[in-house]
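Some notes on the structure that comes next.
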Amino acid sequence: MTEHATENVRTGTGTTAGRGTILVINGPNLNLLGTREPEKYGTSTLADVERLAADAAKAHGFNVECVQSNHEGVLLDAIHAARTNAVGIVLNAGAYTHTSVALRDALAAVQLPAVEVHITNVHQREEFRHHSFLSPVCAAVIVGAGVFGYKLAIDYLADVL
């Protein structure tokens, strides 16, 4: 994976997960969770989200790998790598949801079940946020459930995997 100053890659607890690894990807500006517009995004930090995801995954017998980057290419590389090291993907691509054909194509290419997550209800926001390039290639979409949406996404993947 390409190194960038804003890239964060964390791996779950390090315990062996019998059911495999779920890749949790967070895109641009999600490193600012907890301080970025808390009236919209809440006060949970990215570390809180990653702990929530790791705990949900562990409860279902999965490990979790978390990646956050403000760089589209890093997110693409993480999706590509998932072909060989993950069984499913949870993706909050942030603003790239509405702009990135490249992320859409990467998800389609890896052929892993993916869940698109948005902390806010994008359908109650600006018109440009109503269209997702990712939704057509995702198994499920969760919007507006706050950070709890990450747990819901992992619960869904645990049910279909």
Side-chain angles (χ1 to χ4, degrees), residues 1-31 33 46-47 49-120 122 128-145 147-161:
M1 194 174 294
T2 307
E3 293 296 321
H4 289 286
T6 58
E7 177 184 4
N8 296 302
V9 178
R10 293 179 193 81
T11 304
T13 61
T15 59
T16 303
R19 295 184 69 188
T21 297
I22 294 174
L23 176 63
V24 177
I25 302 174
N26 282 289
N29 300 313
L30 290 161
N31 57 306
L33 283 176
L46 181 60
V49 167
E50 291 173 347
R51 269 191 302 278
L52 174 72
D55 290 346
K58 184 178 180 182
H60 292 292
F62 292 96
N63 197 10
V64 71
E65 178 183 343
C66 296
V67 175
Q68 186 284 322
S69 182
N70 296 318
H71 302 277
E72 186 176 22
V74 172
L75 303 179
L76 290 166
D77 290 343
I79 292 169
H80 292 175
R83 292 175 61 189
T84 58
N85 62 20
V87 295
I89 299 171
V90 174
L91 173 62
N92 182 343
Y96 289 140
T97 301
H98 320 291
T99 63
S100 182
V101 174
L103 287 176
R104 179 250 175 252
D105 289 349
L107 287 171
V110 299
Q111 297 182 352
L112 291 172
V115 180
E116 178 183 348
V117 173
H118 298 283
I119 295 169
T120 66
V122 293
F128 71 85
R129 295 185 196 276
H130 297 184
H131 178 264
S132 168
F133 282 102
L134 310 178
S135 295
V137 295
C138 287
V141 179
I142 299 170
V143 299
V147 298
F148 186 65
Y150 290 85
K151 179 188 181 310
L152 295 173
I154 289 170
D155 290 348
Y156 172 84
L157 287 174
D159 192 52
V160 301
L161 289 171

Minimal non-hydrogen separation, Ser100 against Phe133, with atom names: O-CB, 3.8 Å

Distance in Å, Leu161 CG paired with Phe62 CZ, rounded so as to fall on 0.5 Å steps: 4.5 Å

Who passes side-chain contact (heavy atoms from CB on, under 4.5 Å) against Ser135, sequence neighbours left out? Glu116, Ser132, Val141

Closest approach of Ala93 to Pro28 (non-hydrogen atoms, all atoms of both residues): O-CD, 3.4 Å

Do the non-hydrogen side-chain atoms of Leu112 and Leu23 ever get within less than 4.5 Å of each other? no

Quiz: residues 81-89 side-chain donor-acceptor pairs under 3.5 angstrom, not counting sequence neighbours:
| from | atom 1 | to | atom 2 | distance (Å) |
| --- | --- | --- | --- | --- |
| Thr84 | OG1 | Ala81 | O | 3.2 |

Under 3.5 Å, is there a donor-acceptor pair between the side chain of Arg104 and the main chain of Val137? no

Residues Lys151, Asp155; criterion salt bridge (Lys or Arg N to Asp or Glu O under 4.0 Å); working and verdict: CA-CA 6 Å; Lys151 179 188 181 310; Asp155 290 348; 2.7 Å; yes

What closest approach, in Å, do Ser69 and His71 show between heavy atoms, and which atom pair accounts for it? OG-N, 3.0 Å

Between Asn70 and Glu72, does any side-chain donor sit less than 3.5 Å from a side-chain acceptor? no

Minimum heavy-atom separation for Glu65 to Thr21, with atom names? N-CG2, 3.8 Å

Are side-chain heavy atoms of Leu103 and Leu76 found at a separation under 4.5 Å? yes

In Å and rounded to the nearest 0.5 Å, what is the CD1 to CZ distance from Ile119 to Phe148? 14.0 Å

From CG (Leu134) to CG (Leu91), nearest 0.5 Å: 5.5 Å

Any chance you could measure Ile22, atom CD1, to Tyr150, atom OH, to the nearest 0.5 Å? 14.0 Å

Between OG1 of Thr99 and NE2 of His131, what distance do you get to the nearest 0.5 Å? 11.0 Å

I need the minimum non-hydrogen distance between Val64 and Ala57, along with the two atoms involved. CB-CB, 4.1 Å

Please give me the minimum heavy-atom distance between Ile25 and Ala78, naming the atom from each residue. CD1-CB, 4.3 Å

Atom CD1 of Ile142 and atom CG of Asn92: how far apart are they, to the nearest 0.5 Å? 11.0 Å

